J.: 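Below you will find the structure I want to go over with you.
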Protein chains: 2
Amino acid sequence: MAKDNKIEAFKCCPIDYGFKRIGGKYKGRILYYLYEAKVLRYGELSRAVADITTKMLTQSLKELEADGLINREMFPVVPPKVEYSITDRGRKLIPFIKELMEWSLEQMKTENISPIFFSKPQSQ
Amino acid sequence: MAKDNKIEAFKCCPIDYGFKRIGGKYKGRILYYLYEAKVLRYGELSRAVADITTKMLTQSLKELEADGLINREMFPVVPPKVEYSITDRGRKLIPFIKELMEWSLEQMKTENISPIFFSKPQSQ
DNA sequence: CAGAATCCCGAAGGATACTG
DNA sequence: CAGTATCCTTCGGGATTCTG
């Protein structure tokens, strides 16, 4: 698997390691929405991350679960019901995501960009 | 440029906005090395980010500069000399990067992975 | 020394249709 | 409802060569 003598920074460099797990186009938002809402079903997530396709949502959720950042609970009912929630491990990333958000909001203000959160507030 | 009615989250969603600017394979490390070393020349950066190509280094530096995260100072001498440093705006991202690093180091410990920082410590 | 210029590839992601 | 399965496109990034 390891390409011979190639350095694979994402395996040993802590910065790369982190970005590999939280990077990607949607993982940050998924984690944050789960943090906000406590628990979300597949369909709810699909609506929260407004512009995501089922392929990317499923794939992102699988990777996040494999990395121990979220939990997946399946209920054997008809129609199917699956609930996702953030783990303690995943929750530890929230301060980092919040910090990035704060920074972004600050920068966006200087560019006169109005922020839009794609999450649907669960209490409003 | 904007594809009609397509939602472009990275323009208005603060999470995406941030990841767009700090994401990519090397930007996090570049910023962090510049933060540590205060100022680095092109060649020094090239050695610090051990596995980067000139193409990606140049490209990353340009984008970081365009986003106001780093400074580029050129000295009209022969041979050429160019120094890069982090801006105040870029420095604000450091706590966020550090937090990610902490998290990564913690996870890597549970996986028995020894972290390797590709930066060359400037005082050692 | 500090890049620029090409050519190229693989993986990330998109669109669409289908299923238990 | 909660996904699979395919096919297709884009583009981030790699390798190499060249230049002021």
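Computed from a predicted structure; not experimentally measured. Every chain is numbered from 1 and lettered A, B, ... according to where its sequence line falls, protein lines coming before strand lines.
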J.: I'd like to know if Val78(A) and Tyr42(A) are part of one continuous hydrophobic network [Ile/Leu/Val/Met/Phe/Trp/Tyr, side-chain heavy atoms within less than 4.5 Å].
T.: no
J.: Under 4.0 Å between a Lys/Arg side-chain N and an Asp/Glu carboxylate O for Lys62(A) and Asp67(A)?
T.: no
J.: Can you list, by residue number, the residues of residues 62-84 of chain B that have a non-hydrogen atom closer than 4.0 angstrom to DNA chain D?
T.: Pro80(B)
J.: Hey, are Glu106(B) and Lys92(A) close enough for a salt bridge, meaning a charged N less than 4.0 Å from a carboxylate O?
T.: yes
J.: With a cut-off of under 6.0 Å to the ring centre and 45° to the axis, is Arg21(B) in cation-pi contact with Phe19(B)?
T.: no
J.: Quick one about Tyr35(B) and Lys98(B) (side-chain donor to acceptor, distance below 3.5 Å, no hydrogens or angles considered), yes or no?
T.: yes
J.: Using whole Å, what does the distance between atom P of nucleotide dG13(D) and atom OH of Tyr26(B) come to?
T.: 7 Å
J.: Roughly how many Å is it from CD1 in Ile52(A) to C1' in dG3(D), rounded to a whole number?
T.: 13 Å
J.: To the nearest Å, how far apart are Tyr42(A) OH and dT19(C) C1'?
T.: 13 Å
J.: Heavy atoms within less than 4.0 Å of DNA chain D: which residues of residues 53-61 of chain B have one? Give them sorted by number.
T.: Lys55(B), Met56(B)
J.: Grab the CD1-P distance between Ile30(A) and dG13(C) for me, whole Å please.
T.: 11 Å
J.: Transitive ILVMFWY cluster of Val77(B) at side-chain heavy atoms under 4.5 Å: who else is in it?
T.: Phe75(B)
J.: Could you check how far CZ of Arg21(A) sits from P of dA12(C), rounded to whole Å?
T.: 13 Å
J.: Look only at the side chain of Ser104(B) and the backbone of Ile15(A), and say whether a donor-acceptor pair between them is shorter than 3.5 Å.
T.: no
J.: Is it true that the side chains of Tyr17(A) and Glu111(B) contain a donor and an acceptor less than 3.5 Å apart?
T.: yes
J.: Taking OP1 and OP2 of dC1(C), is either one under 4.0 Å from a side-chain nitrogen or oxygen of Arg41(B)?
T.: no
